[in-house]
Amino acid sequence: MRHLTTLKLIDAVTRFGSIRRAADEVALTPSALHRRIQTFEEEIGGEIFERLPGGVRLNAAGELVVDHIRRQIAETERLKSRLADLAGMRRGHISIACSQALTSSFLPKAISEYRRAFPQVTFEVIVADHAAAEKALIDYEVDLALVFDWHQMPEFEVMLAVRQDLRAVMARTHPLARENELRLRQCLEFPLALPTKAYGGRLLLEDSVARSSMQLTADVESTSFDFLKSYVLRNQAITFQIPVGTPADDLYEGLVSVPIAPRDIRDGFLYLGQRRGRALSVASARFADQLVRELNSSFDTV
């Protein structure tokens, strides 16, 4: 499939924005890669890259070409997966973009269960905020997305929506740790360790305080949920997480999570989806079905 190799090379140049950097990635010389691109451009009758002093970027024709290329690559992977299933080999590769909340327990368990049944299927997990996950789906870089509080977009086809409330997470020794339910105002009286504003949980908090006289002040901010949990474990501080990210096991021994009163903060949703109109490979479709079953059995779905 020499033509497919050329398509993947063009995709690499697009992602890196540089023929030289892409050549290093694919183990070709820049001149050899440049010749492959020129040959392709001659075959389709026009240039697809603008040559810039610091690299290259797609022109208008190139945008159309690369979208077609990524569809072709995705369809080829789907075909390979189906052929493997017909041969009884059960091979495949699954790529998924997910919110950080899924990485501590839910997704590792789900992938482990899947690979026990299909050990020759490989996985790639990309931790991403809404914008990055959306772009990865559009660009065919991932097959599935499992993201909290997704802002709906035309290209996102929802397979399942799971209701998730926001919970306060703190050390077991925290003064509020024994409460059955907390008012948001109680939490704001203590130091806060918060995710940055790119994350759904932070957006829910910002929305709640904007509709009240309260103020939200982060003493510590981070893009790492692991850091936030470790921080509140060592301090009289509070962070926030959704139930799927606060498993009832010993991953974070010494922490507790307490629900926030529903009247203080609206629920968010965990969305499982794919790019609209895309036909998933056998392996990816099978894994999506497993995720739907597991989420349905654990949480309220809509």
Self-check item: Sidechain-backbone polar pair: Asp67 side chain, Glu63 backbone, donor-acceptor under 3.5 Å
Solution: no
Practice problem: Taking all non-hydrogen atoms of both residues into account, name the closest pair between Lys229 and Ser104 and its distance. | Solution: NZ-OG, 4.2 Å
Self-check item: Shared hydrophobic cluster, Val209 / Leu194 (ILVMFWY, side-chain heavy atoms < 4.5 Å)
Solution: yes
Quiz item: Is Arg167 salt-bridged to Asp165, going by a charged N under 4.0 Å from an acidic O?
Solution: yes
Exercise. Working to the nearest 0.5 Å, report the span between CD1 of Ile73 and CZ of Arg71.
Key: 12.5 Å
Quiz item: With the 4.5 Å side-chain cut-off for hydrophobic clustering, are Leu270 and Met159 part of the same group?
Solution: yes
Quiz item: So, Tyr114 side chain and Ala283 main chain: donor-acceptor pair closer than 3.5 Å or not?
Solution: yes
Exercise. Compute the centroid of each ring, for Phe148 and then for Tyr271, and state whether the two points are separated by less than 6.0 Å.
Key: no
Quiz item: Between Arg202 and Glu206, is there a side-chain N and carboxylate O pair less than 4.0 Å apart?
Solution: yes
Practice problem: Would you kindly confirm whether Ile44 and Leu64 end up in one hydrophobic cluster when ILVMFWY residues are joined by side chain heavy atoms under 4.5 Å apart? | Solution: no
Quiz item: Heavy-atom count around Arg57 CZ within 6.0 Å, excluding the residue itself: above 12?
Solution: no
Quiz item: Distance-only, no hydrogens or angles: does the Gln274 side chain make a donor-acceptor pair with backbone N or O of Glu157 under 3.5 Å?
Solution: no
Quiz item: At their closest point, which heavy atom of Pro191 faces which heavy atom of Asp219, and how far apart are they?
Solution: CA-OD1, 3.2 Å
Exercise. Under the side-chain contact (heavy atoms from CB on, under 4.5 Å) rule, what do Val56 and Val13 come out as? Steps first, then yes or no, please.
Key: CA-CA 8 Å; Val56 296; Val13 173; 3.5 Å; yes
Quiz item: Measuring from Glu77:CD to Ser284:OG, what's the distance to the nearest 0.5 Å?
Solution: 9.5 Å
Quiz item: Quick one: does Thr239's side chain have a donor or acceptor within less than 3.5 Å of a partner on Ala193's backbone?
Solution: yes
Quiz item: Below 4.0 angstrom, N of the basic side chain to O of the carboxylate: do Arg15 and Asp139 qualify?
Solution: no
Practice problem: Report yes or no: is the cationic atom of Arg286 (NZ for Lys, CZ for Arg) closer than 6.0 Å to the six-membered ring centre of Phe118, at no more than 45° off its axis? | Solution: yes
Quiz item: Given Asp289 and Arg293, is the salt bridge (charged side-chain N to carboxylate O under 4.0 Å, His left out) satisfied, shown in steps?
Solution: CA-CA 6 Å; Asp289 288 342; Arg293 291 194 302 271; 5.5 Å; no
Quiz item: Under a 4.5 Å cut-off applied to non-hydrogen side-chain atoms, are Val142 and Glu124 in contact?
Solution: no
Practice problem: Decide if atom CZ of Arg178 counts as having more than 12 heavy atoms of other residues, nucleotides or ligands within a radius under 6.0 Å. | Solution: no
Practice problem: Would you indicate whether the side-chain heavy atoms of Pro195 and Phe225 approach each other to under 4.5 Å? | Solution: yes
Quiz prompt | Single-linkage hydrophobic cluster Ile94~Val282, side-chain heavy atoms < 4.5 angstrom | solution = no
Self-check item: Salt bridge present between Arg276 and Glu134 (N-O < 4.0 angstrom)
Solution: no
Quiz item: Would you say the side chain of Ile37 lies within less than 4.5 Å of the side chain of Ile19, judging by non-hydrogen atoms?
Solution: yes
Quiz item: Do other residues, nucleotides or ligands put more than 12 heavy atoms under 6.0 Å from Arg115 CZ?
Solution: yes
Practice problem: Side-chain contact test, heavy atoms from C-beta onward, threshold under 4.5 Å: evaluate it for Leu79 versus Glu75 and give yes or no. | Solution: no
Quiz item: Roughly how far apart are Thr223 OG1 and Tyr199 OH, rounded to 0.5 Å?
Solution: 5.0 Å
Quiz item: When you measure from the side chain of Ser95 to the backbone N and O of Asp143, does any donor-acceptor pair fall under 3.5 Å?
Solution: yes
Exercise. Answer yes or no: is there a side-chain heavy-atom contact under 4.5 Å between Val121 and His93?
Key: no
Self-check item: Closest heavy-atom pair and its distance - Gly201, Leu166
Solution: O-CD2, 3.9 Å
Quiz item: Among the clusters formed by ILVMFWY side chains lying less than 4.5 Å apart, do Ile111 and Leu295 turn up in the same one?
Solution: yes
Practice problem: Determine, stepwise, if the pair Gln186 / Leu176 fulfils side-chain contact (heavy atoms from CB on, under 4.5 Å). | Solution: CA-CA 8 Å; Gln186 290 176 273; Leu176 300 180; 4.0 Å; yes
Self-check item: CG on Leu216 to SG on Cys187, rounded to 0.5 Å
Solution: 10.5 Å
Exercise. Indicate yes or no: does Arg211 engage Asp207 in a salt bridge with an N to O separation below 4.0 Å.
Key: yes
Quiz item: Does Thr246 reach the main-chain N or O of Pro243 with its side chain, forming a donor-acceptor pair under 3.5 Å?
Solution: yes
Exercise. Of all the heavy-atom pairs spanning Leu137 and Arg275, show the shortest one and how long it is.
Key: O-CD, 3.7 Å
Quiz item: From Glu43 CD over to Gln38 CD, what is the distance, rounded to the nearest 0.5 angstrom?
Solution: 12.0 Å
Practice problem: Could you walk me through whether Thr103 and Asp226 pass the side-chain contact (heavy atoms from CB on, under 4.5 Å) test, one step at a time? | Solution: CA-CA 10 Å; Thr103 62; Asp226 283 340; 5.7 Å; no
Quiz prompt | Side-chain (Asp264) to main-chain (Arg183) donor-acceptor, under 3.5 angstrom | solution = no
Quiz prompt | Any donor-acceptor N/O pair, Arg234 side chain to Ser230 backbone, under 3.5 Å | solution = yes
Quiz item: Between Phe190 and His174, does the ring centroid distance fall short of 6.0 Å?
Solution: yes
Exercise. Apply side-chain contact (heavy atoms from CB on, under 4.5 Å) to Ser99 and Leu146, showing your working.
Key: CA-CA 7 Å; Ser99 295; Leu146 190 54; over 6 Å; no
Exercise. For the residue pair Thr14 and Phe49, establish whether any side-chain heavy-atom pair is separated by less than 4.5 Å.
Key: yes
Self-check item: Closest contact, heavy atoms only, Ile265 versus Leu205
Solution: CD1-CD2, 3.8 Å
Exercise. Grab the two heavy atoms, one from Ala237 and one from Met170, that are nearest each other, plus how far apart they are.
Key: O-CB, 3.9 Å
Quiz item: In Å and rounded to the nearest 0.5 Å, what is the CG to CZ distance from Leu188 to Arg185?
Solution: 8.0 Å
